[in-house]
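Owing to the predicted nature of the structure, the values given are computational and were not obtained by experimental measurement.
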Amino acid sequence: MKTNTKQQGASALPLNTILAGDCIEVMRSLPEGSVDLIFADPPYNLQLKNALHRPNNTKVDAVDDAWDQFDSFRAYDVFTKAWLAEARRLLKPDGAIWVIGSYHNIFRVGAELQNQGYWILNDVVWRKSNPMPNFRGMRLTNAHETMIWASKAEGAKYTFNYEALKALNDGVQMRSDWVIPICNGGERLKDDKGDKAHPTQKPEALLHRILVGSTNPGDVILDPFFGTGTTGAVAKMLGRDFIGIEREDSYRAIAEKRLSKVRRLDRGALEVASSKRNEPRVPFGQVVERGMLRPGEMLVNLRGQMAKVRVDGTLIADDVKGSIHQVGAKLEGAPSCNGWTYWHFKRDGKTVPIDVLRQQIRSEMDR
């Protein structure tokens with residue numbers, strides 16, 4: 001794959017590249033503080049002892065690969081400690097990490113995250129709408145995986161596109177339980193024999209939600225367990241840069257082929273709903289000095305109470321004087337008030353919120 005580099009101090013960062021080798025050794029070769037987000041899908045350490053069969057005696061294609069096998073919990077913990085330490089070194093001060101796992105490993109990973117100084121922001125339950133049934137009937141059907149979202153340290157200013165996730169969720173605040181089907185159908189990659197190319201391939205919908213919610217276009221995303229490249233494919237489509245690390249030749253080959261077919265979305269499609277707190281501040285005085293509202297013009301609230309606009313952008317209503325917020329709060333007997341949504345003006349016989357004027361000024365700022 002063509003390699004792009006971004007200068008980071010004395011070292012060049014290999015962007016949009018799949019690096020071959022052991023994840024810990026490769027991470028040690030990358031420059032400190034160079035990555036915005038890490039998505040990690042480490043080995044589950046399933047500890048499978050015997051083959052699993054369906055009721056019709058066909059064998060289940062379970063995770064029994066060498067990369068998922070460890071001699072003991074201690075060996076797994078040593079591995080987890082090492083890769084998480086390198087991951088933290090690579091994160092920028094305001095960077096963050098997502099780690100996904102099953103009940104076999106996620107609690108051990110979570111404890112080590114806290115041991116190393118990461119600050120856990122959420123644990124997210126990925127509830128699979130089409131999970132594999134429990135064929136033996138000895139336990140509950142395992143219908144979810146757990147993802148831990150953590151910043152590099154307490155107090156870090158991590159990226160969280162709250163409004164974008166709310167928009168994805170039909171205008172409702174995004175919860176920490178996500179119902180998404182497992183990867184199947186045309187999205188499921190197959191090898192030359194027609195078998196699953198990777199036993200734990202993640203659905204693109206999962207990565208789409210994570211990257212839209214916790215990164216911005218141009219951010220660098222590292223996946224130290226790249227597999228068949230879901231993180232890279234979604235990152236490329238969404239205008240993010242990625243670095244993948246994968247030791248298995250067969251997975252790298254499939255990921256390279258997959259990524260070659262992905263096209264980045266255009267700039268307009270990458271824009272997302274932003275938080276109102278990030279929008280530029282517009283003083284009400286600008287509305288007055290630009291003549292959008294004239295001194296002496298009357299504003300009205302939903303109860304019909306009126307206030308007069310003054311030349312300095314303050315209001316007066318009977319004996320109450322002050323800003324649009326102060327006068328509104330006084331009339332309501334409330335500790336605070338958003339004057340932009342509280343006050344309205346009349347135009348062509350219609351009552352219009354003054355916030356329309358603020359948004360007009362903001363749209364001009366964006367040009």
Side-chain angles (χ1 to χ4, degrees), residues 1-8 12-19 34-39 41 91-92 94-98 149 157-174 178 180-181 183 185-189 201-223 226-246 252 254-280 358-367:
M1 174 173 289
K2 181 180 179 181
T3 302
N4 297 323
T5 59
K6 182 179 290 185
Q7 201 67 24
Q8 299 284 341
L13 196 61
L15 298 180
N16 307 313
T17 305
I18 308 174
L19 305 176
S34 58
V35 172
D36 296 287
L37 187 84
I38 294 172
F39 176 81
D41 184 7
L91 283 174
K92 295 177 182 178
D94 293 332
I97 186 171
W98 286 83
W149 177 34
K157 297 179 181 179
Y158 55 91
T159 296
F160 179 43
N161 296 320
Y162 169 82
E163 295 292 341
L165 288 184
K166 186 176 178 181
L168 270 179
N169 200 36
D170 203 20
V172 179
Q173 186 179 61
M174 185 68 75
W178 297 358
I180 296 174
C183 187
E187 187 182 349
R188 171 65 76 173
L189 300 176
Q201 180 186 338
K202 296 301 180 288
E204 291 191 3
L206 192 69
L207 271 297
H208 184 106
R209 188 173 295 184
I210 288 171
L211 296 190
V212 166
S214 55
T215 67
N216 295 311
D219 280 357
V220 178
I221 297 137
L222 170 69
D223 186 337
F226 201 63
T228 52
T230 301
T231 301
V234 177
K236 182 178 178 181
M237 179 185 69
L238 295 179
R240 280 73 168 163
D241 291 314
F242 70 87
I243 301 171
I245 304 174
E246 179 52 54
R252 287 200 309 277
I254 291 170
E256 294 274 10
K257 182 178 180 181
R258 176 184 191 179
L259 289 163
S260 69
K261 300 176 181 178
V262 176
R263 296 292 176 264
R264 286 180 183 262
L265 296 174
D266 62 57
R267 183 176 177 180
L270 293 177
E271 294 180 359
V272 299
S274 62
S275 170
K276 291 181 173 58
R277 289 173 294 195
N278 296 330
E279 292 179 326
R358 178 172 64 161
Q359 295 305 325
Q360 182 178 331
I361 294 174
R362 281 177 171 167
S363 66
E364 294 169 1
M365 292 177 176
D366 292 336
R367 292 174 187 170

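Between Lys157 and Asp94 no salt bridge is recorded (no basic side-chain N to carboxylate O distance below 4.0 Å).
For Ala164 against Val272, the heavy-atom pair with the smallest separation is CB-CB, 3.7 Å. Smallest separation of non-hydrogen atoms from Pro203 and Pro181: CG-O, 3.6 Å. Considering every non-hydrogen atom in both Gln201 and Glu187, the closest pair reads NE2-O, 2.9 Å. Here the shortest heavy-atom pairing between Arg240 and Leu238 reads NH1-O, 2.7 Å.
Considering Lys236, Arg258, Arg188 as possible partners of Glu204, the one that fulfils the salt bridge (Lys or Arg N to Asp or Glu O under 4.0 Å) test is Arg258. Under the side-chain contact (heavy atoms from CB on, under 4.5 Å) test applied with Thr215, the options Ile221, Thr159, Asp36, Ile210 reduce to a single match, Ile221.
Under the 4.5 Å side-chain criterion, counting only non-hydrogen atoms from C-beta, Leu206 is in contact with Trp178. Under the 4.5 Å side-chain criterion, counting only non-hydrogen atoms from C-beta, Leu19 is in contact with Ile243. Side-chain atoms of Thr231 and Leu222, non-hydrogen and from C-beta on, never get closer than 4.5 Å to each other. Counting heavy atoms from C-beta on, the side chains of Leu270 and Leu265 come closer than 4.5 Å. The shortest side-chain heavy-atom distance between Val234 and Val262 does not fall under the 4.5 Å cut-off. For the pair Phe226/Arg252, no side-chain contact is recorded, criterion being any heavy-atom separation below 4.5 Å from C-beta on.
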Would you please test Ile18 and Leu259 for side chain to side chain contact (heavy atoms under 4.5 Å, CB included) and show each step?
-> CA-CA 10 Å; Ile18 308 174; Leu259 289 163; 3.9 Å; yes
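Annotation: the span from Leu15 atom CG to Phe242 atom CZ amounts to 9.0 Å, rounded to 0.5 Å. Taken to the nearest 0.5 Å, the NZ atom of Lys166 stands 14.0 Å off from the CG atom of Asn161. Rounded to the nearest 0.5 angstrom, Asp223 CG and Trp98 CH2 are separated by 14.5 Å. Annotation: the span from Glu246 atom CD to Ile254 atom CD1 amounts to 10.0 Å, rounded to 0.5 Å.
Aromatic ring pairs are classed by plane angle as parallel below 30°, tilted from 30° to 60° and perpendicular above 60°; the pair Phe160 and Tyr158 is tilted.
Judged by distance alone, the side chains of Ser214 and Trp149 never bring a donor and an acceptor atom under 3.5 Å apart.
Judged as a ring pair (Phe, Tyr, Trp, His ring centres under 6.0 Å), and not counting sequence neighbours, Phe39 has no contacts.
Within the 3.5 Å criterion, the main-chain N or O of Lys202 finds a donor-acceptor partner in the side chain of Thr230.
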